[in-house]
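Taking it in order: structure first as structure tokens, then the write-up.
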Amino acid sequence: MLIEEVLSLGFSSISVIGLGKNTGKTFSFNQLLMEACQLGINVAVTTIGLDGEEQDSLLYNEKPRIIIRPGQIVANAKSLILDSGLDYEIMGSTGIRTPLGEVILARALSTGKTLLAGPSAGHELVLVKQQLEKVGIDLLIVDGAIDRRSLSAPMVTDTTVLAVGTEVSWDRQLLLERLKAQVAILTLPVWKNPKLAGEVRGLATETDVKVALLSAEGIQSRVSYEDIVHNPNVLAELMDEQTTTVFVQGMLSDEVLAKILSRKPNMALLTILVSDPTSVFLGKQSFLRLTSNQAALKVLDPIHLSAVTVNPFSSRFGLADPLLLLRDVGQAVDPIPAFDLNLGIRYRPEREAFDGIS
Amino acid sequence: MEFLDMATRRQLGFDQVWSQITPVSSLGKVLMRQAHAFTQAEWPELEREFNRLEQIRDQLTREPKSADNLIFLLSAVRDISGSLKRSMQGVTLDDMEFYEIKKLLGTGEKVVLELERLGWLSLLSKPLDLCAECRESLSRGQGGHDSFYVADAYDQKLARVRAERARLERIRAGFRASVDSALIQTVGRFLSMEGEITVGAGDAETIALLEAMIELHKTQESANFVTFQLNEDEEMRQIRETLVEVRVEEEQCKEEVRVELTALVGEFAPRIGDLLESLAWLDFLLAKGKFAAAMGGVKPQVSKASRICIHDGRHLILEEEVAQGGQIYTPLTLEASPGVTLITGPNMGGKTATLKTLGLLTAMAQYGLLVPASSMEFSPRLFIRAHLAASEIPRGLSAFAGEVVFLRDVVQQSGGGEDGLVLVDEIAHGTNPVEGAGIAQAIIEYLRGQQAITVITTHFPSLVGLSSIRHLRVKGLDREKLRKLEMNSLQRCMDYRLEVVQKGQGEGLISDATVVAEALGLDPLIVERAKELLESSTIVEKRGCTNA
């Protein structure tokens, strides 16, 4: 079971995000919940945002529901809990407001279906997670969001499952390109520099600093966004042979990256550092420029990606060959394992084979 | 009459200081927003408030973190007044509302334990009413936990129906678990949430195994996959249908319990409301006490005689600004009584700061706060009004017109024989000096006979000789020291302390305007020319005394 792999790695929280709409995120979420139930562990569920619901209301489908079983805990909007028909015990309140009422913690005392609506921001999710940990759970499963919103769920949870489907693109080449780009961001390597990491994190309080140049010894110079606007060459002028790393605070855009990469030629290999993968807003061309400039993009706080799940169903084109899709996706994201949870199989790229999962 | 108007609050820095008091509950914050100054008639209560704050300050000075647990408890107090109101109106409350009420009552009990631990029970004017019977009712059959649910103990019928529902659910779960178990043994998988299992169309072996299971039937078959679904036999179908009915019945039972509990809460609602108010009051009090400990506040003595007497008073905002500038702050020592006190002294000598400090500390004391000083004695004022030189000018008025409007109002307010505090910075300086001095003198002549305490700063020489006023003077610049140091060391050479100028003992003005201008870098040629003009001028009095 996928959930067993997650737990064996010592993780206690997992988020499920989708590459786009109708990628099977809710199905994957429910399968993880079913697996947790099979293992008999204490599990809590919540969601961030109302991503799935919006899309489903557009398609006039039933909104995604999850099945809750006795003992499981939900962090959910008050009205959804009270109207769920479940027998429940109110465990706590969070003070987090949603259009459907405050997010509350409740332990199910019966079996039933419910919609989920949770906190809408990462810091709120952190609060919910902390409260759930106090209640005492083995695993938190978060129904996450990816489109138009931040990757806050993966940042808050220990690990993440990414759902991908043909709804994103029926054209396999385009689908795989988008998937690879997203996986590349989600799995950006961590910057291993304990000596300077604290100093860089300290910049968070200096809100006017947009870019900091670092040598092996520490911060060389701080540059504000205004400095960059007034003098487009300021970064190139400040960078010297000692500059090893450029830290970008907040969003890393194509524009800022271009200014960093316009440094003098023949300079040493450069690391471009951002807080976490949610800060990266780069187009395809920018990633190519990074490669051609021998620059490495790294993060202070990484995201852990456990698995990719596939959904061959497209609301426009119908059903793609599930095995071919799983094979293509599995090869594209290798070494991250790829699953079709509906068929209960996992692709093994080293053997070009499919294994059953149980 | 308004004790402290918006303009005065802003000019004195009262709002900035007030905002440093931080209650942790929403209701504590509401109390803080609604707070008003104690009136003269409320001085016994004001005394009690000071005593309470002293008690908190002493404890927090000794052990700064000792009240953290209490503060944490108070931070969880939520405004449930809406639920209480609805309960009294007979509107059935929901489970979340019962949870919040139960939680509040539990918090009340924990707060009492904390107050006891800290030796602070005496802070309360009366013991907290914890509505024990109500809490007991909201906790029935729930094992003493803080959570809430409509337990079986509330209603025998509910217990019976719930047990039946659970029994039926167990049968269905058991049936499904048996199928899952068989599936795991046969094909290594289990059913999805919807009770389905899908396999690839090419996996003929698995399909054959699933086809052989009587608990499953095929629902979908395509070129790519085959889906099987859990069969529902007659018994399972009946259980499913019965479950729907039983769940409805269970919900009806629970609703009846909620109606009963709502009636009970409704009876206790006024007492629970009192508890809520007491906890909010405690939160606000603790926030004021914490603030007092942080700024080293002292208890002001309430005087029956009309006077304000401050020793080493500190204006918290100015003190911080001075410290940020790397300078040493000079605290204020001053005594003021009804009538007019005139303050003179050089530019940059701290005259405006004196007015601000006097006004701020008086306002703080009257709002029931300990004050940043070594001691303070005061008689409660009916109003405080300030007009400071650098203050904002009301829209549509010139600086002088703005001041005249202010003076018009304070003359009216003081004329009623009421105990106010009037602070005027550089009176009538916004018009030509001759007319300005005339207006200033007329105002002083009027106010010196009133009950209000009026403190005025001025550079007009003609005012210092007026009778029946008190004259204080900033000691001023040490010119010798300034000569030895850099000219830009002005602040280090200024003695900001006030001295009383007795009649006939050199009431002349010390403005040191040219010295200050020179120290601040005005062109030396201009400064020299100014000095020449001053030497030959007849309108400026000679220096009355040497600097300290």
Side-chain angles (χ1 to χ4, degrees), chain A residues 1 26-27 29-35 37-38 64-70 73 78-79 81-83 85-93 95 101-102 104-113 135 312-313 318-326 340-345 354-358, chain B residues 26 75-76 78 94-100 102-103 142 145-151 158 162 165-166 168-170 172-173 176-177 180-181 183-185 187-203 206 220 222-227 243-244 246-248 250-251 254:
Chain A
M1 276 189 262
T26 304
F27 183 84
F29 180 89
N30 271 311
Q31 280 300 111
L32 288 173
L33 194 52
M34 290 286 297
E35 289 185 3
C37 185
Q38 290 286 330
R65 283 173 180 268
I66 57 161
I67 288 189
I68 298 293
R69 290 177 177 77
I73 296 173
K78 176 181 163 177
S79 65
I81 293 273
L82 300 192
D83 299 340
L86 281 169
D87 193 22
Y88 52 79
E89 174 186 5
I90 306 281
M91 307 290 291
S93 50
E102 182 186 357
I104 62 175
L105 311 184
R107 189 196 306 275
L109 302 173
S110 67
T111 305
K113 288 185 179 181
V135 170
F313 178 75
L319 199 70
D321 184 321
L323 298 181
L324 285 180
L325 176 67
L326 181 59
D340 184 327
L341 294 178
N342 189 35
L343 294 181
I345 51 174
F354 302 97
D355 282 355
I357 50 172
S358 59
Chain B
S26 60
S75 71
R78 306 180 77 174
D94 64 42
D95 293 359
M96 193 63 202
E97 290 176 295
F98 291 126
Y99 167 80
E100 292 290 0
K102 180 180 169 183
K103 191 176 160 197
Q142 294 165 57
H145 298 298
D146 288 339
S147 59
F148 175 81
Y149 71 103
V150 184
L158 169 64
R162 184 180 262 152
R165 187 260 303 151
L168 296 174
E169 278 182 354
R170 273 197 303 275
R172 279 184 68 85
R176 193 179 155 133
D180 272 338
S181 175
L183 273 172
I184 286 170
Q185 282 178 14
V187 297
R189 293 178 56 195
F190 53 84
L191 294 165
S192 74
M193 185 185 86
E194 301 296 347
E196 291 178 342
I197 181 165
T198 301
V199 291
D203 190 354
T206 305
Q220 214 177 348
S222 73
N224 295 314
F225 61 80
V226 181
T227 300
L243 256 177
V244 173
V246 173
R247 280 177 179 147
V248 170
E250 183 185 352
E251 191 50 43
K254 287 201 282 187

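A note on names: the letters A, B, ... follow the listed sequences, proteins ahead of strands, and every chain is numbered from 1.
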Note, A:Ser110 side chain near B:Glu250 side chain (heavy atom, < 4.5 Å): no
Side chain, backbone, both or neither of A:Leu109 within contact of chain B (heavy atoms, under 4.5 Å): both
Interchain contact, A:Ala320 with chain B, by part (heavy-atom threshold 4.5 Å): backbone
Proximal component of B:Asp180, with respect to chain A [non-hydrogen, under 4.5 Å]: side chain
A:Leu86, part contacting chain B, at a heavy-atom distance under 4.5 Å: backbone
Salt bridge present between B:Arg247 and A:Asp87 (N-O < 4.0 angstrom): no
Nearest-0.5 Å distance that lies between atom NZ in A:Lys78 and atom CE in B:Met96: 7.0 Å
Largest heavy-atom contact set with chain A, pairs under 4.5 Å, which of B:Val248, B:Val199, B:Asp95: B:Asp95
Basic-acidic side-chain contact under 4.0 Å: B:Glu194, A:Lys113: yes
Chain B interface, residue from A:Leu82, A:Thr111, A:Ile81 that has the most non-hydrogen pairs under 4.5 Å: A:Thr111
Face-on cation placement of B:Lys254 at A:Tyr88 ring, 6.0 Å and 45° thresholds: yes
Option that, when pairs with chain B are counted at under 4.5 Å, heavy atom only, ranks first among A:Leu341, A:Leu319, A:Leu324, A:Asp340: A:Leu319
Test item: A:Glu89 and B:Phe148 side chains (from C-beta on) under 4.5 Å apart, heavy atoms: no
Non-hydrogen atoms of A:Met34 and B:Met193 that approach each other most closely: SD-CA, 4.0 Å
Exam field: side chain B:Arg189 to backbone A:Leu343, donor-acceptor pair closer than 3.5 Å: yes
Distance in Å, A:Ile90 CD1 paired with B:Asp146 CG, rounded so as to fall on 0.5 Å steps: 13.5 Å
Part of B:Leu191 within contact of chain A (heavy atom distance under 4.5 Å): backbone
Option that, when pairs with chain B are counted at under 4.5 Å, heavy atom only, ranks first among A:Asp321, A:Ile345, A:Asn342, A:Leu33: A:Asn342
Toward chain A, the part of B:Ser222 with a non-hydrogen atom under 4.5 Å: side chain
Cationic N near anionic O, under 4.0 Å, B:Glu169 to A:Arg69: no
Euclidean distance, B:Ile184 CD1 relative to A:Gln38 CD, rounded to 0.5 Å: 4.5 Å
Structural part of A:Glu35 lying under 4.5 Å from a heavy atom of chain B: both
Shortest non-hydrogen contact between B:Arg78 and A:Ser93, atoms and distance: NH1-OG, 2.7 Å
Heavy-atom side-chain proximity of B:Tyr99 to A:Ile104 below 4.5 angstrom: no
Residue pair B:Ser192 / A:Phe27, side-chain heavy-atom distance below 4.5 Å: yes
From B:His145 atom NE2 to A:Arg107 atom CZ, the distance as rounded to the nearest 0.5 Å: 8.5 Å
Best-contacting candidate, B:Gln142, B:Glu196, B:Arg162, B:Glu251, against chain A by heavy atom pairs under 4.5 angstrom: B:Arg162
Best-contacting candidate, B:Gly202, B:Ala201, B:Ser147, against chain A by heavy atom pairs under 4.5 angstrom: B:Ser147
Heavy-atom proximity to chain B below 4.5 Å, by part of A:Ile67: both
